[in-house]
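Structure first, then comments.
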Amino acid sequence: MKVSVVVPVYNTGDDLSRCVESVLGQTLDDYEVIFADDGSDDGTEKRLDELAAEHDRVRVVHLPPSGGPGGPRNAGIDTARGDYVYFLDDDDWLGPEALERMHAMAVRNDSDIVIGKMVGHGRTVPRAMFRRSRDRADVLGDALYGILTPHKLFRRSFLDAHRLRFPEGPVRLEDHRFVLKAYFRAGVISVLADYPCCHWVRRPGSYSRTLPDPVHYYGALREVLDIVDEHVVPGPDRARYYAHWYRGKILKRLGEKSLLDAPPDYRRAVYDEARRLVTERFGEGVDRSLPLRMRVRAALLRADAYDDLCALLETERGVTLATAVDGLRWDGTRLVVRFTARLVHADGTPFAVRDGRWRPHVPLPVPAEVLDAAAEGRRLDLYVRRRADSADHLLPVTVTSSEPFAMSGEAVVDPDAGPELTPGVWDFVARLDTGGWTVERRLEGGEKTDRRGRLAPYRTEKGRLSVRVRAAGDEAAEPRGRKGAGSQGTLLRRAIKRIPGARQAVRRLRA
């Protein structure tokens, strides 16, 4: 058997439907699906047994409740018969060709791990990992630590040879500890970036969204750092690994909405545990590698300026992009989009800079050099996002203007550049990465323009830019259901239909 898909399940109810449909609809010819039920008692367990009775490739493992996904995943590994194991959560789903494509890449490269492209729904996925496919990827060089969830294809004999299993029970960061150990032991890790394999969903009330005990959470993070220490000698490489968790699990976490909305005593407890861990494990040298946003938080944390940090975090609520289409033009049948993206606060106020330094909304007791924004790295991207499933297609962008918190550029939509731009409706999404803020938003505006070849750009009813892509050979077809650009033509056609004999006259003219 080629692949075993392992899905830990607990009291999912109807939320399991899309996951089931996706795993049973795979194009791979030889695979199985193992649902590892962690003691469900809401009827989910009966539905799983019914699925197993209906489908030969479905197997169910019933387990006593453990309180976390690690135990069910381990049971799935032990039960699996496939050469490879793929882990999928019960609220996520797969693209139809996901298993076939990942398995083919694994066989072609003799891979121990294949990371298939992930699409976030209510979640942020690091885009850099999936800019291109890699037969042999490097954990540090290709920033594979950016996604440490288990949504990956693992060679089963590799897991067994190295006794790789998940921590069990109601524990945190169990996926980080499992995946990181696998990364360090793998001979070949491949990245499949040209097909949306896994649709990763944020579901309210899921295990990962509940507020963890601060002592337990940062204790788990210590264990992750211990794994790094075991495999990476002190120096620049270890510092890069450390900076990843420093940014994501300490400094970024302090500003998450769930924590800002938590009771004051809980917020203070998280802060105290975070500061204790930073004092123990993170030397001040790592702060210099941090982007502006996190560098300021680190300075306040080290200075034990709790009230100032809280005030800063409140001003960052709702930070977003102001986007604008500056112009549209045609280069043959390619659409050229000029656009601007600017970082703004929730009230629409642009981020302020004076003498090359960021000017936060509140005064902060930090050295002036900490606020230096002039030397910050920044990146501007433009994607078209398929409305049907949120799959992204990155467009080539030429930057025309760059400031610390605002960038302008020009992007090209070429329907013939590759197979990713399939027929359907695609929405334009700008993404600005600057100073530690990574924010994306739909493009606003865009003047009325004609359509050419396979592309029909238009403005939505909310004033956002979208494009309908037609199939090759269907260039002359009229896009259906299109609103915005061309709406006058639609009204005219409707009016013509009401005039006796008009439709016949139009047919004669077209002939």
Side-chain angles (χ1 to χ4, degrees), residues 2-6 28 31 73-74 76-77 80 82-89 92 94-95 97-120 125-167 173-200 224-233 236-245 248 394:
K2 294 177 180 177
V3 176
S4 297
V5 181
V6 175
L28 187 68
Y31 71 99
R73 288 178 185 144
N74 289 341
I77 298 173
D83 296 331
Y84 285 85
V85 176
Y86 186 88
F87 297 102
L88 185 71
D89 288 343
D92 305 327
L94 296 176
E97 301 173 26
L99 295 185
E100 182 179 4
R101 288 173 177 254
M102 286 189 290
H103 180 265
M105 173 171 262
V107 172
R108 184 174 67 251
N109 297 301
D110 196 24
S111 311
D112 290 317
I113 305 172
V114 176
I115 307 171
K117 183 176 182 178
M118 297 176 68
V119 177
V125 174
R127 310 282 180 171
M129 280 184 60
F130 301 116
R131 294 194 190 282
R132 62 181 179 87
S133 294
R134 302 169 182 85
D135 288 341
R136 284 168 172 76
D138 180 75
V139 176
L140 199 59
D142 294 316
L144 302 186
Y145 50 73
I147 295 181
L148 290 171
T149 69
H151 303 76
K152 299 166 178 67
L153 191 73
F154 295 88
R155 193 201 306 267
R156 184 165 59 91
S157 60
F158 162 74
L159 298 180
D160 290 340
H162 295 281
R163 299 180 181 178
L164 291 171
R165 294 296 188 270
F166 292 88
L173 302 180
E174 84 291 335
D175 47 358
H176 285 227
R177 284 178 271 179
F178 174 86
V179 174
L180 191 59
K181 288 179 180 179
Y183 276 176
F184 284 132
R185 290 167 170 80
V188 177
I189 304 175
S190 302
V191 176
L192 176 64
D194 58 1
Y195 182 81
C197 294
C198 177
H199 292 264
W200 188 33
V224 173
L225 299 177
D226 289 342
I227 296 171
V228 175
D229 291 350
E230 180 183 349
H231 294 88
V232 184
V233 298
D237 286 352
R238 182 185 287 185
R240 285 182 64 184
Y241 280 110
Y242 265 54
H244 169 71
W245 282 281
L394 178 64

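Please read these numbers as outputs of a predicted model, since none were measured by experiment.
Contact check for L94 versus Y86: side-chain heavy atoms found under the 4.5 Å cut-off. In this structure, the side chains of F130 and V125 come closer than 4.5 Å at one or more pairs of heavy atoms. Contact annotation: the side chain of V139 approaches that of Y241 to within less than 4.5 Å [non-hydrogen atoms, C-beta and beyond]. Side-chain contact check for V6 versus V85: some heavy-atom pair is nearer than 4.5 Å. For the pair N109 and V114, the minimum side-chain heavy-atom distance is 4.5 Å or more. Put simply, the side chain of R165 reaches to within 4.5 Å of the side chain of L159, judged on heavy atoms. V191 is not listed as a side-chain neighbour of K117, based on a closest heavy-atom distance of 4.5 Å or more. Contact of the K152 side chain with the M102 side chain is not registered, since no non-hydrogen atoms from C-beta on lie closer than 4.5 Å.
Checking side-chain atoms of S133 against main-chain N and O of L192 turns up no donor-acceptor pair under 3.5 Å. Although no hydrogens or angles enter the test, the distance criterion places a donor-acceptor pair under 3.5 Å between the side chain of R155 and the main chain of S111. The closest donor-acceptor contact from the side chain of H231 to the backbone of I227 lies under 3.5 Å. At distances below 3.5 Å, not a single donor-acceptor pair connects side-chain atoms of Y31 with backbone N or O atoms of L99. At least one donor-acceptor pair closer than 3.5 Å links the side chain of R238 to the backbone N or O of V232.
Of all heavy-atom pairs between P150 and V179, the closest is CA-CG2, 4.1 Å.
Donor-acceptor pairing under 3.5 Å is recorded for the side chains of D229 and Y242.
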What's the verdict on side chain to side chain contact (heavy atoms under 4.5 Å, CB included) for D135 and M105, showing C-alpha distance, side-chain angles and the deciding distance? CA-CA 8 Å; D135 288 341; M105 173 171 262; 3.8 Å; yes
Step-by-step side chain to side chain contact (heavy atoms under 4.5 Å, CB included) determination, W245 to L173: CA-CA 11 Å; W245 282 281; L173 302 180; 5.7 Å; no
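Aromatic ring pairs are classed by plane angle as parallel below 30°, tilted from 30° to 60° and perpendicular above 60°; the pair F166 and F87 is perpendicular.
Atom CZ of R127 sits about 12.5 Å away from atom CE of M129, to the nearest 0.5 Å.
Remark: aromatic rings of Y183 and Y145 are distant, center separation not under 6.0 Å.
Between R131 and D142, no side-chain nitrogen of the basic residue sits less than 4.0 Å from a carboxylate oxygen of the acidic one, so the salt-bridge criterion is not met.
Crowding of R108 atom CZ: a count of heavy atoms from other residues, nucleotides or ligands under 6.0 Å exceeding 12.
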